[in-house]
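The next block holds one structure in the form of structure tokens; read it before the comments.
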Amino acid sequence: MKYFQYINGELFIEGVAISKIASEIGTPFYCYSSTKIESEYKDFSDAFSKINSTICYSVKANSNLSVIRTLSNLGAGADVVSGGELLRALKGGVSPQKIVFSGVGKTDQELEMAIESDILQINAESLSELSRLNIIAEKYNKIPKVGIRVNPDVEAGSHDKISTGRKEDKFGIDWENVGEIFVANKNFKNIKLVGLAIHIGSQLQSLSPFEEAFKRLEELLTTLMSENHKIETIDLGGGLGIDYSQDLVLKISEYSKLVTKYFGNYDCNIIFEPGRRIVGNAGILIAQVICIKPGIEKQFVVLDAAMNDLLRPSLYGAIHEIIPITNNGPKSPKVLADIVGPICETGDIFATGIKLTNISEGDLVAINSAGAYGAVMSSFYNSRPLIAEVMVKDNNFEIIRKKLDISSLLNYESMPNWIKT
Ligand code: LLP
């Protein structure tokens, strides 16, 4: 099934014309295909149906409650990195016994929440975190299960800002020092060290960094097991890339083969934390052209969406394909244009020097592959509202997050008496 397609020159998401949604709710807005999310999740889980595994959707990619609920209905667990995400996962119907809490700096309050909620596993990233966990667990009279995030020192081959498994990165415990952590753990009576975890980066387009990391992890695993440490879980993180614009996309079947090669023979629960792969290509950002402004060398197509709505192009130079919503043959000749937002920064740019046909002021465009790390990374910058999110299923659509108007934000602000006149 095609989830996004032109029918008689009109872009549809599943059975709903984008222009219909836009005319009802205005622009800009995020729009997700529920069936695409389900299908991506099923592809992932089917690939691992033969091994003992838990698929913990990485909530940070898109934490809308409807997205989480769509996945928890299919049996998905959740990977969370804050108290807020834990709350969302629980509210979205994820079983606590399928929730993993990761993150390099969890507060005491967040650790308390995790312990109280009896989640599957807390991934610790330092000795000091283990020690804090031990103290908090004693207070709650519980023995939480804990994994150690290992830094395997590998190059993910992805964007520098989203590579997380090199020794100079802040994440995890250097793989050479993990053994000592297991020894030190003997002093912590209130936690149960059950597993190892890695996450080497995001938007990976090759299997070789995974393989390098798996090798290190497996070495560590056999050493620890030979020293009689009982390992129940192996958390392999997320990282599988998607196609933004002619990117290489790893086949889940190839990834699954690699996982089975290294870990298939261990009597362990293999945890996966996919985010982008599940939701990235299931969402688009719809915007309207405010104006087309001629420049000296090129035109500027100014949209009503901006970097506060979708930060990826500004932050990582990420390329997102931009397409018109109505595609009825050329209205105007192809011209060189930058597609920009209205925010007062030169970096507020969605695409540089592209040739866009069929575009006039007032037209709608879709910025593709915006389902992951889109809405979740948005902000109120320039005092712009947080835009609506819409989910489509077959011929129906529903607003799953209302536009968050700036007046609501102003309710959180106050002026001390001394500056009031
Ligand atoms: N597990 C852990 C511990 C993570 O840190 C991440 C992502 C994931 C799983 C999910 O990774 P995925 O399957 O989505 O690649 N904002 C950036 C991406 C940051 C990813 C952070 N960690 C972007 O827009 O590209």
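Both counts, for ligands and for their atoms, begin at 1 and track the order of listing.
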Next item on the list: Flag yes if more than 12 heavy atoms outside Lys142 fall under 6.0 Å of its NZ atom; otherwise flag no.
Entry: yes
Provide, line by line, the atom pairs where ligand 1 and the protein bring an N/O atom each to a distance under 3.5 Å; else say none.
residue	atom	partner	partner atom	Å
ligand 1	1 (N)	Asp79	OD2	3.3
ligand 1	1 (N)	Glu273	OE1	2.5
ligand 1	13 (O)	Gly239	N	2.9
ligand 1	13 (O)	Gly275	N	2.9
ligand 1	14 (O)	Arg276	N	2.8
ligand 1	14 (O)	Tyr373	OH	2.6
ligand 1	15 (O)	Ser202	OG	2.4
ligand 1	15 (O)	Gly239	N	3.2
ligand 1	16 (N)	Tyr316	OH	2.8
ligand 1	24 (O)	Arg312	NE	2.6
ligand 1	25 (O)	Arg276	NH1	3.2
ligand 1	25 (O)	Arg276	NH2	2.8
ligand 1	25 (O)	Arg312	NE	3.3
ligand 1	25 (O)	Arg312	NH2	3.0

Checklist line | Any donor-acceptor N or O pair under 3.5 Å, side chains Arg401, Asn64 | finding: no
Next item on the list: For the residue pair Arg149 and Phe171, establish whether any side-chain heavy-atom pair is separated by less than 4.5 Å.
Entry: yes
Next item on the list: Could you check if a side-chain atom of Lys2 sits within less than 4.5 angstrom of a side-chain atom of Phe12, using non-hydrogen atoms only?
Entry: no
Checklist line | Side chain proximity check, Ile290 to Leu303, heavy atoms < 4.5 angstrom | finding: no
Notebook entry, point to check: Taking C-beta and beyond as the side chain, do Asn52 and Ile270 meet within less than 4.5 Å on heavy atoms?
Noted result: no
